[in-house]
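Quick notes on the structure that follows.
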Amino acid sequence: MLTLATFKYLTMGALLGLTSGISPGPLLTLVLTETLKHNKAAGIKIAISPLFTDLPIVLISLFVFSKLSQFNTVLGLISIVGAVFLVYLGRETIKAKQLNIETPGPGSESLKKGIITNILSPHPYLFWLTVGSPLAVKAFDLSLLAVMLFFVSFYGLLIASKIGVALIVARSKSFLKDQSYIWIMRILGVALFLFAIIFLYDGLNYLTKN
């Protein structure tokens, strides 16, 4: 039965999912770059990548949460590896010279890129450690329906918002000229480099706290 208390977790999940979906970050930047380099299908593959990654992330976060002594080391190492991967993605993005509108290039592996980016990003771990897991536990204490609605609304809005971004970019990219495309890709590539610097800084920060 949908009570006011249960509805609260539905609303909270939806708001958190929407906020996470449209907030600037490596995964959203990757949605943009893959849509521009290939097509909307590539961007959508990036958008749905959390469906393949977040179950182990939630489980790992719960484990780390119970082992606070390992918290900084785990997040530090993950963040540094993530920085290396983002440098690679940034380099590939800046090197892009053509806009392929009709079909994705062979071996684009958009879904794989999204999965790797999400696994190596410290942000999902931090979210589930500090916000998601406590809310999920409270929802579960209330009822099974409450926790189910929390997860469904969170991931529903998270994925839908990123897919929406991919569709919007796909509609507008036909208006891009070659030089415009090249400069947009360069800017997005620089953004990935900036995220890499942030990841590296955070990783060193976590490690020096031990």
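These numbers come from the heavy atoms of this one structure, side chains and all, not from hydrogens, waters or symmetry mates. Only a predicted model underlies this, so the values are computations on that prediction, with no experimental measurement involved.
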Open item on the list: Applying side chain to side chain contact (heavy atoms under 4.5 Å, CB included) to V84 and Y88, what does each step give before you reach the verdict?
Closed with: CA-CA 7 Å; V84 173; Y88 163 76; over 6 Å; no

Open item on the list: Assess whether a salt bridge exists between K113 and E34, defined as any Lys/Arg side-chain N lying under 4.0 Å from an Asp/Glu carboxylate O.
Closed with: yes

- [ ] Could you tell me the separation between the CG atom of L144 and the CZ atom of F140, rounded to the nearest 0.5 Å?
- [x] 6.5 Å

Task: CD1 on I163 to CD1 on I168, rounded to 0.5 Å - done: 12.0 Å

Open item on the list: Has T33 got a side-chain atom pairing as donor or acceptor with L30's backbone, closer than 3.5 angstrom?
Closed with: yes

Task: side chain to side chain donor-acceptor pair (under 3.5 Å): pairs with one or both residues in residues 48-60, sequence neighbours excluded - done: T53-N118, D54-N118, D54-Y155

Task: Side chain T117, main chain G114, donor-acceptor under 3.5 Å - done: no

Please output the side-chain donor-acceptor pairs of residues 7-14 that fall under 3.5 Å, not counting sequence neighbours, one pair per line with the distance.
unit_1 : atom_1 : unit_2 : atom_2 : d
T11    : OG1    : F7     : O      : 3.0

Open item on the list: Nearest 0.5 angstrom please: L158 CG to L51 CG, how far?
Closed with: 8.0 Å

Open item on the list: If you apply the rule side chain to side chain contact (heavy atoms under 4.5 Å, CB included), what do you find for I46 with L111, and how did you get there?
Closed with: CA-CA 5 Å; I46 298 294; L111 181 58; over 6 Å; no

TODO: Would you please classify the geometry between the W128 ring and the F150 ring as parallel, tilted or perpendicular, with 30° and 60° separating the classes?
DONE: perpendicular

Task: S20 and L157, any side-chain heavy atoms less than 4.5 Å apart - done: no

- [ ] Name all residues meeting the ring-ring contact (aromatic ring centres under 6.0 Å, His included) criterion together with F127; count only those two or more places apart in sequence or in a different chain, and write none if there are none.
- [x] F154

TODO: Please lay out, stage by stage, how D202 and I80 fare under the test side chain to side chain contact (heavy atoms under 4.5 Å, CB included).
DONE: CA-CA 8 Å; D202 287 344; I80 291 173; over 6 Å; no

- [ ] For S161 and G21, work out which heavy atoms get closest and say how close.
- [x] OG-CA, 3.1 Å

Open item on the list: Testing the basics here: between A146 and A139, what is the closest heavy-atom pair and its distance to 0.1 Å?
Closed with: CB-O, 3.5 Å

Task: Shared hydrophobic cluster, L15 / I159 (ILVMFWY, side-chain heavy atoms < 4.5 Å) - done: no

TODO: Taking all heavy atoms of I94 and all of F193, pick out the closest pair and write down the distance.
DONE: CD1-CE1, 3.2 Å

Task: Same cluster (ILVMFWY, side-chain, under 4.5 Å), I57 and V131 - done: yes

- [ ] Using side chain to side chain contact (heavy atoms under 4.5 Å, CB included) as the criterion, point out the one residue from D141, L145, V147 that pairs with S143.
- [x] L145

TODO: Could you grab the distance from atom CZ of F195 to atom OG of S121, nearest 0.5 Å is fine?
DONE: 9.5 Å

Task: Test side chain to side chain contact (heavy atoms under 4.5 Å, CB included) applied to I44 and T35, step by step - done: CA-CA 8 Å; I44 290 173; T35 301; over 6 Å; no

Task: Straight-line distance of I119 CD1 to F85 CZ, nearest 0.5 Å - done: 10.0 Å

Open item on the list: Donor-acceptor pair, distance only, cut-off 3.5 Å: does the side chain of K40 make one with the backbone of L167?
Closed with: no

Open item on the list: If we ignore hydrogens and angles and just use 3.5 Å, is the side chain of N39 paired with the main-chain N or O of A42 as donor and acceptor?
Closed with: yes

